[in-house]
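Working notes, structure below.
Throughout, residue positions are numbered sequentially from 1 according to the sequence presented.
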Amino acid sequence: MRYTITGRNIDVTPGLREAIEEKIGKLDRYFNPDTEVIVTLSVQKDKQKIEVTIPVKGNIIRAEESSSDMYVSIDLVEEIIERQMKKYKKKLIDKKQSAQAFSSLFINEEDEPEEEIKIVKTKRFGIKPMDPEEACVQMELLGHDFYVFLNAETEEVNVVYKRKGHTYGLIEPEF
């Protein structure tokens with residue numbers, strides 16, 4: 001795998017680079033050798049955070065973890081990605097298209113019993129045009145973590161959501 005390792009408020013030391021390549025390298029049995037792994041390390045106050053993104057054809061495998069020690073965060077993020085790979089194996093591997101992104105060992109590996117994704121409720125509702133700020137207010141009034149609305153400015157369906165640190169995010173579709 002090819003690594004792109006960057007640091008925000010932290011120097012990427014040879015020791016950190018080695019730990020990342022060793023731990024995340026355990027995942028190489030799932031991917032082809034030319035797979036790119038994007039790793040971002042950051043430090044904020046007492047939080048040591050690692051974000052790992054692995055773009056594969058048609059999908060993005062991503063995990064982030066933070067703790068008081070960067071090496072612990074590295075261990076934890078590797079476990080998360082491994083769990084994701086095992087859990088979503090059938091959904092990630094479309095034999096026709098994205099199979100080339102994964103190693104043949106992973107593709108042919110004996111499957112574990114899969115937990116089926118079950119949609120247990122479908123909700124329909126009318127959406128009225130509003131601006132993102134009004135959508136955030138509506139979301140707060142409803143006590144939800146996200147809100148789907150028709151953006152009055154762009155006339156497209158958007159989503160606002162709560163982020164950590166009492167801020168909001170806006171998702172705008174790209175066609």
Inset, instruction - To the nearest 0.5 Å, tell me how far Cys136 SG sits from Met130 CE. - result: 10.5 Å
Inset, instruction - Check for a donor-acceptor pair, side chain of Asn9 on one end and backbone N or O of Ser42 on the other, with a separation under 3.5 Å. - result: no
Legend entry - side-chain contact (heavy atoms from CB on, under 4.5 Å) partners of Glu82, counting only residues at least two apart: Leu27, Arg29, Tyr30, Glu78, Lys86
Inset, instruction - Check Pro55 against Thr53 and note the closest heavy-atom contact, atom names and distance. - result: CD-O, 3.7 Å
Legend entry - Check: Thr35 main-chain N/O paired with Arg2 side-chain donor or acceptor under 3.5 Å: no
Legend entry - Arg17: side-chain contact (heavy atoms from CB on, under 4.5 Å) partners, not counting sequence neighbours: Ile5, Val12, Glu21
Inset, instruction - Hey, could you give me the CD/CG distance between Glu51 and Leu41, rounded to the nearest 0.5 Å? - result: 9.5 Å
Legend entry - Side chain proximity check, Val137 to Glu133, heavy atoms < 4.5 angstrom: no
Legend entry - Worked check of side-chain contact (heavy atoms from CB on, under 4.5 Å) between Val157 and Val148: CA-CA 7 Å; Val157 174; Val148 179; 3.6 Å; yes
Inset, instruction - May I ask you to test the Val159-Glu172 pair for a side-chain heavy-atom distance under 4.5 Å? - result: no
Legend entry - All salt bridge (charged side-chain N to carboxylate O under 4.0 Å, His left out) counterparts of Lys23, not counting sequence neighbours: Asp75
Inset, instruction - Step through the shown structure and confirm whether more than 12 heavy atoms of other residues, nucleotides or ligands are within 6.0 Å of CG on Asp11. - result: no
Legend entry - Transitive ILVMFWY side-chain link Tyr3 to Val77, under 4.5 Å: yes
Legend entry - Distance in Å, Tyr71 OH paired with Leu16 CG, rounded so as to fall on 0.5 Å steps: 4.0 Å
Inset, instruction - Evaluate the side-chain proximity of Asp46 to Ser68: yes if any heavy-atom separation is below 4.5 Å, no if none is. - result: no
Inset, instruction - Carefully, step by step, assess Phe146 and Val160 under the rule side-chain contact (heavy atoms from CB on, under 4.5 Å). - result: CA-CA 5 Å; Phe146 68 93; Val160 289; over 6 Å; no
Inset, instruction - State the CZ-CD1 distance between Arg62 and Ile80, to the nearest 0.5 angstrom. - result: 10.5 Å
Legend entry - Any Ile20 side-chain heavy atom under 4.5 Å of Glu18 side chain: no
Legend entry - Residues which pass side-chain contact (heavy atoms from CB on, under 4.5 Å) with Leu76, listed by chain and number, not counting sequence neighbours: Glu65, Val72, Glu79
Inset, instruction - State yes or no: do Ile171 and Met139 share one hydrophobic cluster built from I, L, V, M, F, W and Y residues joined by side-chain heavy-atom distances below 4.5 Å, directly or via other members? - result: no
Legend entry - Close side-chain approach of Val52 and Ile61, heavy atoms under 4.5 Å: no
Inset, instruction - Start with the C-alpha gap between Glu36 and Ile54, add the side-chain angles, then the distance that decides, and say whether side-chain contact (heavy atoms from CB on, under 4.5 Å) holds. - result: CA-CA 6 Å; Glu36 182 182 14; Ile54 306 170; over 6 Å; no
Legend entry - Spacing of OG1 belonging to Thr4 relative to CD1 belonging to Ile38, to within rounding of 0.5 Å: 6.0 Å
Legend entry - Side chain proximity check, Phe149 to Ile127, heavy atoms < 4.5 angstrom: no
Legend entry - Worked check of side-chain contact (heavy atoms from CB on, under 4.5 Å) between Glu64 and Lys49: CA-CA 7 Å; Glu64 68 178 59; Lys49 182 176 174 183; 3.3 Å; yes
Inset, instruction - Identify, with sequence neighbours excluded, every residue that meets salt bridge (charged side-chain N to carboxylate O under 4.0 Å, His left out) alongside Lys128. - result: Glu134
Legend entry - Reported OG-to-CD1 distance for the pair Ser66 and Ile50, which is rounded to 0.5 angstrom: 11.0 Å
Legend entry - Listed once per pair and sorted, the side-chain hydrogen bond (donor to acceptor under 3.5 Å, both in side chains) pairs that draw on residues 136-162, sequence neighbours left out: Glu140-Tyr168, Asn151-Asn158
Legend entry - Exam field: side chain Thr6 to backbone Thr40, donor-acceptor pair closer than 3.5 Å: no
